[in-house]
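Have a look at the structure below before the remarks.
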There are 2 protein chains.
Amino acid sequence: MSEKSSSPTVADVAREAKVSKATAARVLGGYGIASDSARRVVMEAADRLGYQPNDLARSMSTGRSGLVGVIVGDIENAFFSQAVRGISDTLRAADLNLIISNSSERLSEEVEMVSVLLRQRVAGLIVAPTDSRHVNHLKAALVAGTPVVTIDRHAPELAADAICGEDRESIGRVLSRLQGAGHRHVAYVTAMETRDGKLGRLEDIGISAVRERIAGFLEHMREAGVENPADLAFIGATGDDETTSVVTRILEHSPPITAILASDSLIGARVFRELSDRGLSLPQDMSLVSWFDADWSRVTSPRISVVDQPTYQFGQKAAERLIARLQGDASPPKLFVIPTPLLDRGTIGPAKTG
Amino acid sequence: MSEKSSSPTVADVAREAKVSKATAARVLGGYGIASDSARRVVMEAADRLGYQPNDLARSMSTGRSGLVGVIVGDIENAFFSQAVRGISDTLRAADLNLIISNSSERLSEEVEMVSVLLRQRVAGLIVAPTDSRHVNHLKAALVAGTPVVTIDRHAPELAADAICGEDRESIGRVLSRLQGAGHRHVAYVTAMETRDGKLGRLEDIGISAVRERIAGFLEHMREAGVENPADLAFIGATGDDETTSVVTRILEHSPPITAILASDSLIGARVFRELSDRGLSLPQDMSLVSWFDADWSRVTSPRISVVDQPTYQFGQKAAERLIARLQGDASPPKLFVIPTPLLDRGTIGPAKTG
DNA sequence: TTGTATGCGTTATCAG
DNA sequence: CTGATAACGCATACAA
């Protein structure tokens, strides 16, 4: 019983079953036609040898590879890991597997990852593009015949399906709610970095979801009669220290800021911690709304009011669209907007006056 | 300018550069020897045609596939997504990519996933095995020459490197600390399911980390003179409702339970919420220690005392070991234990008496 | 240094 | 229904 070190191939099975390679291949691959007797002999031989198909070779022959590439900003972030779970569950049902990559929200890494995945000949790509204005690498994928779906973000230049939340609308809802409670000076805090630490032109914001929300913020604040809404958009909350300083600036702001919007759950958590560290109580001293319903926002007291972004659904929908494209759907690319309602729990209170 | 629909191959480049396929392959693949002039001509041709290597074909030829399979219980859980990030970062540095799968902590799915990944001819496997006693599928991978590293869990029967936390020791540390504060009746809450809802034989617990911790729990409690420590191990906290009922049983327990240990951060969060919903304050009315330093445990007041499991490091180490194996390290498999210290923040108080 | 020929494990074509 | 045989795209032993 001499074992070849590598695993048995169709040829080995064919030999063992005393049929031709073609016949063995047909029954093992489950295609073409084979007699019951042939089928039986081959299956038995395969069992005996412990045959395991080689999907690499299969992909080479067919040109199809049951692998889908996923590129997110940060898999560690629950926002994305939940989305990945949605993608994974949906893909699995269609017999597809998922290669996952982290861009760390850096364009250069994203470009590199796309290239790597394309080399692996993935069947399709689901990407949270870090810069909506630089999508040539994604266009190239499309041209090469690899369908692309963007998630959480939208790149108008890219002829691909996109799954997004109601970025513009949600901020409108939140601001209306706050204004109804008497808030006029509301701060929006986000993590974006710029050279000078200031909010520049909106068109220079790469992540479309961020851009949309800031645009909506400025628009609504202006409509509400706030003079320089840009002064109320605080960027650069990239880490703990940076957030500390942002919160300091917010608390020292004049006229007084009475409510804070956190653009994602990491920032929300940091802001919350800062506020409680300073002995402020919510919502009496400050109102707070965070985007994404993370675990932490349900254990604080009071619980945090959040804009609920159901990213598992984002992922599901993205995977569904990709599968549709893979199955030949050639309809024009479409933007799918997933509802992101405001869950007002306990951190929106009346504006603190004086 | 007639375009072939599929992407150009070495043959195309060779033709364009007017050299042999072998020469083109050598410079494109970066192996063997080629003259500078040849190199130049080929690269130019490749550029002109937009050549992208086909890693599938490359893997077929070489037998190596720059893909590593990762199987975790639940990518949505920060415990695992953090580990995956560690794996991903480390793997990337070694030019490896990662295919990720969810077992949902079900053996059948894990077996299926291993099979799928092996078919893809992954270079190696990093797995959090859902049942340490059923690892034949992993043994098979090993036999087939695919290195395996287990993460968070250890399967003694499996001759593979394992990366684990200090499961046994950490519970000892926690219990000593609690006992020092006067606690005698401490509950351990975990998610494991059994047929009858009762803690059966320890050997029947599949997830080794869970088994180790419960074993350590029982041992220490017994040493401390507690009569039926098994009565204090509450299993089946699998969801919100189940946790509610567990907490109810804990609060009604006699003799009174004065401290709760939560075996992971999901359970910890649920228990915390249950306790606050009932108006109990920590640590006056109840002490609480959770495993894993999740986001939420730093925003509560007081902050939660936790056993810090640095899963990013788990992932890093696992990837490092796998890479070593891939590079030919044939030393005997080893168990690597990552320190998991107790971060005592604010939820261990003196035992409530009477 | 370069070219020729063959193999990797499948799928797929086309006679028998 | 079955069996030769040729792809698929790249790597590589060997010859030139």
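Since the model is a prediction, treat every value here as computed from it, not as a measurement. Chain A is the first sequence line, chain B the second, and so forth, proteins listed ahead of strands; every chain is numbered from 1.
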Rounded distance (Å) that lies between atom P of D/dC1 and atom CD1 of A/I33: 6 Å

Looking only at side chains, do A/R85 and B/S104 share a donor and an acceptor under 3.5 Å apart? yes

Can A/S103 and A/E110 be counted as having a side-chain donor-acceptor contact under 3.5 angstrom? no

Between B/T130 and B/E105, does a side chain to side chain donor-acceptor pair (under 3.5 Å) hold up when you go through it step by step? CA-CA 5 Å; B/T130 209; B/E105 299 295 9; 2.7 Å; yes

Around atom CZ of A/R64, are there more than 12 heavy atoms from other residues, nucleotides or ligands closer than 6.0 Å? no

Sequence neighbours excluded and cut-off under 3.5 Å, please list the side-chain donor-acceptor pairs for residues 112-119 of chain A, or say none.
residue: A/S115; atom: OG; partner: A/R119; partner atom: NH1; Å: 3.2

Grab the CZ-P distance between B/R119 and C/dG9 for me, whole Å please. 17 Å

Can you check each nucleotide of nucleotides 3-15 of chain D against protein heavy atoms at under 4.0 Å and return B for base, S for sugar-phosphate only, - for none, in 5' to 3' order? BB---BBBBB---

What is the distance, to the nearest angstrom, from the CZ atom on A/R15 to the P atom on C/dG9? 11 Å

What integer distance in Å separates A/L49:CG from C/dG9:C1'? 15 Å

Assess the side chains of B/R121 and A/S7: does a donor N or O sit below 3.5 Å from an acceptor N or O? yes

